[in-house]
Amino acid sequence: MIAVLKNGTSQKQIDSLINWIESQGLSVHLSAGEYQTIVGLIGDTTKIDEDLLRSLDIVETVKRISEPFKSANRKFHPDNTVVKVEDTSVGGNIFAVMAGPCSVESRQQVVEIAKAVKAAGATMLRGGAFKPRTSPYDFQGLKAEGIEYLLEAKKVTGLPIVTEIMNAAHLPMFEEVDVIQVGARNMQNFELLKELGRTKKPILLKRGLSSTIKEWLMSAEYIMAGGNENIILCERGIRSFDSQYTRNVLDLSAIPVLHELTHLPVIVDPSHATGASRLVKPMAMAAAACGADGLMIEVHNNPKAALCDGPQSLTPEQFADVMGAVKPLILK
Ligand code: PEP
Ligand code: MN
């Protein structure tokens, strides 16, 4: 439930309303905009007498919200969230581009790719140190050593780093990581989400392999309920019936839908969505044109030799070409 307050309501009146709501066993999310103050009532709102609330002097309107996501809901928070990451951001005026290898393979590899993607205009460096692989016999990532190499690449290029976490017990290793990625396979690992809610780190939350938009937003809600509002959503394709020509189905309609439903920024990963390097450019262009706040793209200096996801990885030259094609389509 939300209550929109009348213009000119004093802070004292707002505080007293909040005290009353809290005394009913609910919590409050306050959005104090330039022209409007909106009070979000979080919890079991059946306890609240809607007519009583509406009758208060300071209340203009009251609306029941049926969506179960409260903190992520745009109705409570009309302005876009801008997630700050070092000197750059996601969701503001900058079109964020996170680029780099699927997995960190060596110091030299990641530094070389970081320099190349930076030269082409990437705003962040991605690279997996802990890899969620379907087979336990596949390369599992360099783990702590991988994070160390990413940090070295950051030192050389200045690019903030994005890397995936799979286990909350690993959090101490992520202290210097700029954006912590939650992969598709962990989107509903609720204990991990709760732990990330206790940090202040920006979290890149990828859409689960077969998750609905509502489930995805509820996962964001898990992190936000712990107090961490720095969330970036990433559409990376979902499972459907036809995987013969594309690895997943890129749900681009999720982008404008999410912009309606939530204030959180949304980026698109055309690499995992398509699984094919030649499809990355058209899908990256489409993502920019439909209002994505950025992209995540896999880039490798030698895709044929990549230890993970080579077929969908771009060479640095191909990446530069994609950046050039995307630029005129960005809606910012
Ligand atoms: C990745 O970004 O390398 C990755 C494993 O992505 P996803 O979780 O979307 O499959
Ligand atoms: Mn990958």
Side-chain angles (χ1 to χ4, degrees), residues 90 96-105 109-110 113 117 122 124-136 138-143 146-147 149-150 161-167 170 174 177-189 192-193 196 202-211 213 215-216 219-220 231-240 243 246-252 254-255 266-277 279-280 283-284 287 292 294-315 319:
V90 188
V97 181
M98 306 171 183
C102 178
S103 55
V104 178
E105 297 171 8
Q109 171 236 21
V110 77
I113 296 174
V117 298
M124 290 184 222
L125 172 67
R126 67 143 284 148
F130 291 88
K131 291 307 303 174
R133 304 303 299 274
T134 302
S135 166
D138 287 339
F139 177 59
Q140 303 286 305
L142 295 179
K143 306 183 174 76
I147 295 180
Y149 297 159
L150 284 167
I161 59 168
V162 186
T163 193
E164 178 167 353
I165 193 164
M166 297 213 289
N167 185 336
H170 295 159
F174 284 69
V177 168
D178 300 296
V179 177
I180 301 182
Q181 176 172 327
V182 175
R185 289 152 193 85
N186 272 310
M187 189 206 85
Q188 287 192 314
N189 181 341
L192 176 62
L193 300 179
L196 295 172
I203 308 295
L204 179 78
L205 181 63
K206 289 192 133 190
R207 183 176 186 175
L209 302 172
S210 45
S211 296
I213 289 174
E215 286 164 344
W216 189 10
S219 290
I231 299 171
I232 305 153
L233 300 168
C234 178
E235 163 62 43
R236 46 79 72 209
I238 47 175
R239 288 269 169 96
S240 185
S243 57
T246 57
R247 188 173 175 182
N248 291 292
V249 173
L250 180 56
D251 180 10
L252 284 180
I255 310 309
V266 192
I267 69 163
V268 170
D269 171 352
S271 307
H272 291 89
T274 62
S277 58
L279 301 178
V280 169
M283 291 299 96
L295 293 165
M296 169 172 263
I297 295 181
E298 286 188 341
V299 180
H300 197 283
N301 38 1
N302 183 7
K304 282 190 211 73
L307 296 181
C308 183
D309 286 346
Q312 69 195 32
S313 299
L314 303 184
T315 61
F319 175 67

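Note that this is a predicted model, so its numbers are computed, not measured. Order of listing sets the numbers, starting from 1, for every ligand and every atom in it.
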Close approach, R126 and ligand 1, non-hydrogen under 4.0 angstrom =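 The answer is yes: ligand 1 sits under 4.0 Å from a heavy atom of R126.
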
Minimum-distance protein heavy atom relative to [atom]:
atom: atom 8 (O) of ligand 1; result: A184 N, 2.7 Å
atom: atom 4 (C) of ligand 1; result: H272 NE2, 3.5 Å
atom: atom 5 (C) of ligand 1; result: E164 OE1, 3.7 Å
atom: atom 9 (O) of ligand 1; result: R236 NE, 2.6 Å

ask   = So, is C102 placed with an N/O/S atom under 2.8 Å from the Mn ion (ligand 2), counting both backbone and side chain?
value =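 C102 does place an N, O or S atom closer than 2.8 Å to the Mn ion (ligand 2).
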
query = Closest N/O/S atom of E298 to the Mn ion (ligand 2), by atom name?
reply =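 Atom name returned: OE2.
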
What atoms in ligand 1 come closer than 4.0 Å to a heavy atom of [X]?
X: E298; answer: 3 (O)
X: K131; answer: 1 (C), 3 (O), 5 (C)
X: G183; answer: 8 (O)
X: R185; answer: 7 (P), 8 (O), 10 (O)

query = Looking only at non-hydrogen atoms, which of K206, Q312, Q181 approaches atom 7 (P) of ligand 1 most closely?
reply =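 Looking at heavy atoms only, the winner is K206.
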
request  = Tell me, with the steps shown, if M98 and I232 meet side chain to side chain contact (heavy atoms under 4.5 Å, CB included).
outcome  = CA-CA 12 Å; M98 306 171 183; I232 305 153; 4.3 Å; yes

task = Rounded to the nearest 10 degrees, what's the angle NE2 of H272 makes with OD2 of D309 at the Mn ion (ligand 2)? Could you check?
result =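 Rounded to 10°, it measures 90°.
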
Backbone of [Y] reached by a side-chain donor or acceptor of [X] within 3.5 Å:
X: E235; Y: D251; value: yes
X: S313; Y: P303; value: no
X: T274; Y: L279; value: no
X: S211; Y: R207; value: no
X: E105; Y: L307; value: yes

inquiry  = Using a plain distance cutoff, I'd like to know if D309 has any nitrogen or oxygen under 3.5 Å from a nitrogen or oxygen of ligand 1.
reply    =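 No; every N/O pair is 3.5 Å or more apart.
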
query = Would you say D269 and ligand 1 have an N/O pair spaced under 3.5 Å apart?
reply =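 In this structure, D269 places no N or O atom under 3.5 Å from an N or O of ligand 1.
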
message = Between R126 and E164, does the salt bridge (Lys or Arg N to Asp or Glu O under 4.0 Å) criterion hold? Intermediate values first, please.
response = CA-CA 9 Å; R126 67 143 284 148; E164 178 167 353; over 6 Å; no

inquiry  = Using side chain to side chain contact (heavy atoms under 4.5 Å, CB included), reason through W216 and I238 one step at a time and then give a plain yes or no.
reply    = CA-CA 12 Å; W216 189 10; I238 47 175; over 6 Å; no

message = With no hydrogens and no angle check, just 3.5 Å: does a side-chain donor-acceptor pair link D309 and H272?
response =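 A pair is found: one side chain offers a donor N or O, the other an acceptor, under 3.5 Å apart.
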
Residue pair K206 / A184: nearest heavy atoms and the distance that separates them =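 Minimum heavy-atom contact is CB-N, 3.8 Å.
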
